[in-house]
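Worksheet: the structure to be examined is printed underneath.
Quick note on labels: first sequence line is chain A, next is B, and so on, each numbered from 1. What you are looking at is a predicted structure, and each value in this text was computed from that prediction instead of being measured.
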Protein chains: 2
Amino acid sequence: MAKAYALGIDYGTNSVRALVVDCADGREAGTFVFDYPSGDQGILLDPKDPHLARQSPADYVVGLETSVSGALAAAEKERGFSRADVVGIGVDTTGSTPIPVDAKNRPLAFDPKWKASLAAQAWLWKDHTGAEEAAAITKAAAEHAPQYLAPIGGTYSSEWFWSKIWHCLKEAPDVFAAAHSWVELADYIPAVLAGISDPAKIQRCVCAAGHKAMYSDVWGGLPAKDFLKRLDPKLADLRERLYEKAHAADRPAGTLSQEWATKLGLREGLPIAMGAFDAHYGAVGSGVRSGTLVKIIGTSTCDCAVASTKERIRDVPGICGIVNGSIMPGYYGIEAGQSAVGDILKWWVEGVCKGDERQHAELSAEAAKLKPGQSGLVALDWNNGNRTILVDPLLTGLLVGQTLHTTRAEVYRALIEATAYGARAIIDRMSEYGVPIDRVVCCGGIAEKNALFMQIYADVIGHPMLIAGSPQTPALGSAISAAVLAGAHPSFEAAQQKMTALKEKRYTPNPAAKRVYDELYGVYRELHDSFGGVRGAKADFASLMKRLLAIRERETSH
Amino acid sequence: MAKAYALGIDYGTNSVRALVVDCADGREAGTFVFDYPSGDQGILLDPKDPHLARQSPADYVVGLETSVSGALAAAEKERGFSRADVVGIGVDTTGSTPIPVDAKNRPLAFDPKWKASLAAQAWLWKDHTGAEEAAAITKAAAEHAPQYLAPIGGTYSSEWFWSKIWHCLKEAPDVFAAAHSWVELADYIPAVLAGISDPAKIQRCVCAAGHKAMYSDVWGGLPAKDFLKRLDPKLADLRERLYEKAHAADRPAGTLSQEWATKLGLREGLPIAMGAFDAHYGAVGSGVRSGTLVKIIGTSTCDCAVASTKERIRDVPGICGIVNGSIMPGYYGIEAGQSAVGDILKWWVEGVCKGDERQHAELSAEAAKLKPGQSGLVALDWNNGNRTILVDPLLTGLLVGQTLHTTRAEVYRALIEATAYGARAIIDRMSEYGVPIDRVVCCGGIAEKNALFMQIYADVIGHPMLIAGSPQTPALGSAISAAVLAGAHPSFEAAQQKMTALKEKRYTPNPAAKRVYDELYGVYRELHDSFGGVRGAKADFASLMKRLLAIRERETSH
């Protein structure tokens, strides 16, 4: 086989990274990171509104050329690499991050008239200004089109496509009026590379469409005009200028334009893979397959799984999204998540204990000396609400079992355990609804650095906890998509087998710890179901504290 | 009126304090504190058993002479005082603190044979070695003599008389066999001063007997021999060597012996008032009367109220004790308490936040900037179980409502509020059962120093929070008892009017804050009743977090 390299380009929240990957084995030949120059670490903020988070589309375009050129230059330092060996390009981005564009697919923000308008920029995934609109969309859909909500877990989010666009229409109607169309960042970058100057010709990925824009082939694409008219007639008009069809990554988004081929020193006409969200291509780069849950563990988590489209699966209540082809062609992409994981530990260590990185390590070491059940504590991991399986941002934290001797390390451990129980609730829910999970592959700094965290997860969940081999799984997944598209591998599965790996370190459940955690998970579910408003929740609170004390006594003494 | 002074002697946990008080106005003429020299701050410990806490009876006797001599010497520095003007002596002590004595009323510990035996020392109130015995006594009484439990809240404690003596019988049968009788410290000191050398002649106070030894005139004194025989026949035998009758402070415990008159330079034959527990005479010194709750706020609280014996009162479920005459003659003494108050704040500031005194002040200042409801938090104050009104040591803490932004000051405030809710639950319970409370008089460092704490209590409870004028209310109360006995005042009520005062600073409820706290107290009671196992508890946990968020939103915005 001739030398073949694929380019993976990963647009994160603060920077863009390009990766040149050897298609034979997934090895990194070169990489380069470009930090977005605008705003606060790349994010445009409004001091008057903490919910606002925008980005400059110009940063994306400058970053595209800089990161790819940098990665190619780095790859050229190694023997045998040549730009001529690059066979395809893949792109992943944050999302939902829609950008208002004109009729020539130019971001409005490029126009001097709109340059200073925050509404004319890219609406970053974590922009929450559309909270009211999200609630109104959920309400309208629940009444008039409940089918739209079923595959997205029952609640439309302020972080998603329609909430943002509708909010723009209300808050900045001039920007809305000036926008010919809106394009997700994941679709925009491939279109830039392909030189597509008509929004109608952009290939839209089903990953953004299905998970964030209530798109489904089942009801003929985006929400019906009649439904959008209920929200605002102007949204119904916009529908015609968006797209009719969205696609899985089983077709190209385009081919490299002459302009960008020249800029990057690559061959014109190179195949460009469909864009996708970072979590989805990250799952591909982590080796997602039937039975595997990929957990990207950071401040929050994004959990991805796939299920073959050969089998029909039901909607899974409380799971954010189930979209045909959103992660890999031929599979339903299933997305879930926990609203706060690293963030809860950070809150405890930095916010409450006023500690730093070193204290994370100290508390971790102290907490590691405790046996399961020994702290007598159980917590709910809801300091930032619950994304899955309750889909309720209006939930808060709870801690029970503290005495006058409870230590900060015990609370630290209880909070890790709480997030592990939350993770188990997601896996149990998937399994109950026909998506059985038997291994968990994790990505992110916590997975690589915090052995206590990973062992607790293994013991609570009862499956091996594995770590993705690459620290850059989204970029790697993008490159895999490009490699498949270019024919370097016959399928995603085949490409994953060659191009992805796991780290040697794995965490296996300890049966004795698992037994204690099964008991404690029962306590967690009593609290979870009761305080989470689950219909028919069962709990015996009168005995709960006594049971925790008895477990503590038992586990401390033997 | 001729000059008249009364001596009050207060045996605390770590030291004994003597106070010379002017009977005319309660003014301190002299005081002296003696720290017990033995053990760790006066407490004999066993490194193998954290539940053990004993004291050396010799420390008590040496402390008696030293503290009284010191206080008299101090009083002599002021013009016009003469030892000849001392008209009576009163004593209060910790309890239940029983001491094994021989047939001549000498503590066994004075005998070289038993000097080294921990079981032969005084069993300090906070000794918990008799936990199993306490449970067995509760069980036996519940089955065979439920009347014994009714006035003590339904549960016999490991801190009390019979648990300790029975534990001694099991663990150190030789000490038990050598003991002719057992005497509460509150009865022992007056007997020493009076030179009583026959345990049968000691005047036993109803305060220790009724609250700690299941004594009541209703069933003929101490528990029946048949009942004690169920526990151990040797306890039944001991009953005969204890006492038939216990008394309120409407009679003398004795008169000053020649020996002690000489030692102290006081007149032989001076009247000695009945001893009592520190909390009870502390209530007297704080101006307790019908409608007043005296709260001694320290690591935990002791709450005392009185109700005239002219009115029949029912047993109050969950209240530790209702004993005729235990606080003042002519009144039922009603005792309740919270297992942890200062201790919970100490746990948070020192145990979790690793702070010091200064940080208590800083957190207090920061918490004072918050409005009621603004933290979004509600806690249960059960880190050390619940003494009143649930009488359940096997309860633990709970905190709900935390987000990623919750600060340590918010938790600090929530914990103060939790203890205030606990205080309100006690007051509400008393009022429901015919002991209405309309003002609260507080003693202790927290009451004098922490304005935030006091204002929160006023706002939660809805009654003025007052502060006792004297920082030494137990010693003052003892002196009042002595003054009444000596005829310096015709009654306790008259003596209190002259000899007690309140500090000028008082905390009045803020109606707006009270309204918010009424709502939050409702949330507290949902948690309290459900997790506390109250029959028929009502709660709506599915909405609880949302209600707290809504209150927070509302109170933050206006």
Heavy-atom contact with chain A under 4.5 Å, split by part of [X]:
X      : value
B/K346 : neither
B/L549 : side chain
B/L377 : neither

Counting only heavy atoms not in B/E553 (residues, nucleotides, ligands), do more than 12 fall under 6.0 Å from its CD? no

Tell me if the CD atom of A/E350 is crowded by more than 12 foreign heavy atoms within 6.0 Å. yes

Close contacts, residues 366-376 of chain B versus chain A, judged by heavy atoms under 4.5 Å: none

Using non-hydrogen atoms and a limit below 4.5 Å, what part of residues 529-548 of chain B faces chain A? B/S530, B/F531, B/G533, B/F541, B/A542, B/L544, B/M545, B/K546

Highest number of heavy-atom pairs under 4.5 Å with chain B among A/G355, A/G351, A/G401 belongs to A/G401

Between B/L399 and A/Q402, does a side-chain contact (heavy atoms from CB on, under 4.5 Å) hold up when you go through it step by step? CA-CA 9 Å; B/L399 178 69; A/Q402 49 272 41; 3.9 Å; yes

Looking only at heavy atoms, what is the nearest atom pair of B/L398 and A/V400, with distance? CD1-CG2, 3.8 Å

With sequence neighbours excluded, what pairs up with A/K126 under the salt bridge (Lys or Arg N to Asp or Glu O under 4.0 Å) test? none

Checking an interface table here. Which of residues 404-414 of chain A come within a heavy-atom distance under 4.5 Å of chain B? A/L404, A/H405, A/T406, A/R408

Atom group of A/L394 that falls short of 4.5 Å from chain B, counting heavy atoms: both

